[in-house]
Amino acid sequence: MATEDKNRATAAAILPLVGGAANVSSVVHCMTRLRLGLRDRSLVQDEALKAVPAVMGVVEDDTYQIVLGPGTVARVTPEFEKLVEEGRAAAPAAAAAPLTAEELAAQGAEMKAARKAKNATPFKLFLRRIANIFVPLIPALIGCGIIAGLNGLLVNLGWLTSVTPALAAMASGFMALIAVFVGYNTAKEFGGTPILGGAVAAIIVFPGVANIEAFGQKLSPGQGGVLGALGAAVLAVYVEKWCRRWVPEALDVLVTPTLTVLISGLVTIFGLMYVAGEVSTAIGTFADWLLSNGGAGAGLVLGGFFLPLVMLGLHQALIPIHTTLIEQQGYTVLLPILAMAGAGQVGAAIAVYFRLPRNESIRKTIKSALPAGFLGVGEPLIYGVSLPLGRPFITACVGGAFGGAFVGFFNQLGDAVGSTAIGPSGWALFPLLDGNHGLGSTIAIYAGGLLVGYLAGFVATYFFGFSKDLLTEFNVSQEPAASPVAATAPAATPATGITGPDATAKEPAGV
């Protein structure tokens, strides 16, 4: 009960600072952030919101995002939704916001213009849609991934042999049908009927496709995987929309779903499954080749540039690649390398702590944010410390590059280090690690990469992260309001951390 009271108190503290229930148009959450659609952005009290103890930071993008951290956000969101509903019930007139048509049009035009000016490039909007398809799948990927790891450990030890088949079923069931969930989410995201997207995608995993021949070869269940499911569901959406325009209303309920499944299904079976299968195979082959032949160099580039990718929102393009690798090989070899970006960030933050001994505001922020940073939640350190300071963000990337090179080097030697799910990073990734040379070796390499990332980020930041002017400006006693922690982050993507990350998951993956 005490925990519920705490979560409700946090929600109650946030609601009036975002303009109250009448100002909230939508409420969702990802791995770390409470994402709010707001009617009037000017009603938000940013500084007061950042001062709420449970709030790690805020990010303004297509939605107003309040960083609460993993676990906390999943518990606070339902309480926040209850308060919003109670507020609307108590003040229906306010909730309705009775604007004139002209005022409503002006408000909509203003919001649309602001978003376009900030971050709504077509490419980023497309990536955001891709993230919206895959991010809801992350909790199941994590849960099934951890169960798979536990099952593998028990099998290797020869323990609980009567239980391990059940654990294998739990771990594999979701992955066997992941194409269906991708199809459902894709149709929903692109404006079609979700269940029709799932129905078309289900063709890909149906065992009976093994009796069908296309392009001179027998199809195999699951061929094309999540990429095929995505393409099939997008096609289904366009077929459905075409039918809605041309099919008479009296026949719509019969004809539209039939034609949608029939046309999309035939194209999927005799085209998309083969093409998507070839693309999926090429992705897996290229990832293996890249790390086998240029592991250290590839790791250096991937680990070093992941934080900027997150800042630009481009990391979302990696989510289908991670999912494809997990579907094909059982784990993604890219995520442990990308997770080194978070290690560099932690090392940089520790160096900032020692380089600014007089700035109690920044030091206090670092002390409170470091535990989350070690667990792979990097937003508080990025937006509260390194990015506002400037150069420490660059030196954090250097730390990530060295950590990525370390993990990539061992991949080049033949020790593949992978993750069975996307989303977590840092220490939170340990339960999801898998590889080709035993769990002990995999854990040791990943832990070594984290240590290298911490050390390289610390050294680079301590010796090269501050100019004389920067030290003069910030190595002084500051009130919390004057700290760069108070700076609102620029438009950023929804972790994972990776992240997924949002993406990570936080956003997927690896921040």
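This chain uses plain numbering: 1 for the first residue, then up along the sequence.
- Across Ile337 and Gly404, no two heavy atoms sit closer than the pair CG2-CA, 3.9 Å.
- Across Ala396 and Leu307, no two heavy atoms sit closer than the pair CB-CD1, 4.2 Å.
- Judged purely by atom type and a 3.5 angstrom limit, Glu327 has no side-chain atom pairing as donor or acceptor with the backbone of Met175.
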Let me have the donor-acceptor pairs involving side chains of residues 457-464, under 3.5 Å, with sequence neighbours excluded, atom names and distances please.
unit_1	atom_1	unit_2	atom_2	d
Thr461	OG1	Thr395	OG1	2.7
Thr461	OG1	Gly457	O	2.7

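- Counting only heavy atoms from C-beta outward, the side chains of Val182 and Ile133 approach each other to under 4.5 Å.
- We find the CG-CD1 distance between Leu325 and Ile321 to be 7.5 Å, quoted to the nearest 0.5 Å.
- Between Tyr353 and Val385, the closest side-chain pair of non-hydrogen atoms is not below 4.5 Å.
- For Thr256, the side-chain hydrogen bond (donor to acceptor under 3.5 Å, both in side chains) partners at least two apart in sequence or on another chain are Asp252.
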Exercise for the section: I would like to know whether Ile362 and Val352 meet side chain to side chain contact (heavy atoms under 4.5 Å, CB included); could you show each step before the answer? Expected result: CA-CA 8 Å; Ile362 291 181; Val352 171; 4.0 Å; yes

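- For the side-chain hydrogen bond (donor to acceptor under 3.5 Å, both in side chains) condition, the pairs that include at least one residue of residues 397-420, sequence neighbours left out, are Asp415-His437.
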Practice task
Given side chain to side chain contact (heavy atoms under 4.5 Å, CB included), test Ile283 with Leu227 step by step and report yes or no.
Solution key: CA-CA 11 Å; Ile283 289 174; Leu227 297 182; 3.8 Å; yes

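- With sequence neighbours excluded, no residue forms a side-chain hydrogen bond (donor to acceptor under 3.5 Å, both in side chains) with Arg391.
- Taking CD of Glu189 as the reference point, atom CG of Leu230 lies at 10.5 Å (rounded to 0.5 Å).
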Practice task
In sequence, state the C-alpha distance, the side-chain angles, and the governing distance for Phe134 and Asn185, and then conclude on side chain to side chain contact (heavy atoms under 4.5 Å, CB included).
Solution key: CA-CA 8 Å; Phe134 287 93; Asn185 287 348; over 6 Å; no

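- A donor-acceptor pair under 3.5 Å links the side-chain atoms of Ser26 to the main chain of Gly37, judged by distance alone.
- In terms of heavy atoms, Ala187 sits closest to Gly197 at CB-CA, 3.7 Å.
- Pairing each heavy atom of Pro336 with each of Leu429, the nearest pair is CA-CD2, 4.1 Å.
- Enclosure of atom OH in Tyr238 is not indicated, since only 12 or fewer non-hydrogen atoms of other residues, nucleotides or ligands lie within 6.0 angstrom.
- Residues satisfying the side chain to side chain contact (heavy atoms under 4.5 Å, CB included) criterion with Phe402, sequence neighbours excluded, are Val398, Val452, Ala456.
- In this structure, the side chain of Ser368 engages the main chain of Thr365 through a donor-acceptor pair within 3.5 Å.
- Counting all heavy atoms, side chain and backbone alike, Leu381 lies closest to Ala369 at CD2-CB, 3.7 Å.
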Anything under 3.5 Å between a donor and an acceptor, one on a side chain of residues 213-222, the other on a protein residue two or more places apart or in another chain? List them.
unit_1	atom_1	unit_2	atom_2	d
Ser220	OG	Gln223	OE1	3.4

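- Under the rule for a ring-ring contact (aromatic ring centres under 6.0 Å, His included), Phe305 has no partner lying at least two apart in sequence or in another chain.
- Listed by chain and number, the residues in a ring-ring contact (aromatic ring centres under 6.0 Å, His included) with Tyr64 amount to none (sequence neighbours excluded).
- Residues passing the ring-ring contact (aromatic ring centres under 6.0 Å, His included) test with Tyr184: none are found, sequence neighbours excluded.
- One distance of note links OG1 of Thr281 with CD of Gln328; it measures 5.5 Å at 0.5 Å rounding.
- Residues that satisfy the ring-ring contact (aromatic ring centres under 6.0 Å, His included) test with Phe410, not counting sequence neighbours, are Phe406.
- Counting heavy atoms from C-beta on, the side chains of Gln345 and Ile382 come closer than 4.5 Å.
- Nearest heavy-atom pair across Ala339 and Ser425 is CB-CB, 3.7 Å.
- Open room surrounds CZ on Phe409; 12 or fewer heavy atoms of other groups in view lie less than 6.0 Å from it.
- Every side chain to side chain contact (heavy atoms under 4.5 Å, CB included) that Ala233 has, sequence neighbours left out, goes to Thr186.
- Under 3.5 Å, the side chains of Thr77 and His29 contain no donor-acceptor pair of N or O atoms.
- Once rounded to the nearest 0.5 Å, the distance linking CG of Leu470 with CZ of Phe466 reads 5.5 Å.
- Under the 3.5 Å distance criterion, the side-chain polar atoms of Ser172 are left unmatched by any main-chain donor or acceptor of Ala169.
- With sequence neighbours excluded, no residue satisfies side-chain hydrogen bond (donor to acceptor under 3.5 Å, both in side chains) with Asn436.
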Exercise for the section: Show your working on side chain to side chain contact (heavy atoms under 4.5 Å, CB included) between Phe430 and Ile443 and close with a plain yes or no. Expected result: CA-CA 7 Å; Phe430 278 110; Ile443 290 176; 3.8 Å; yes

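- Rounded to the nearest 0.5 Å, atoms CZ (Phe174) and CD1 (Ile147) are 12.0 Å apart.
- Here CG of Leu154 is found 8.0 Å from CH2 of Trp159. Values are rounded to the nearest 0.5 Å.
- No donor-acceptor distance shorter than 3.5 angstrom exists from the side chain of Thr193 to the backbone of Ile195, with no hydrogens or angles considered.
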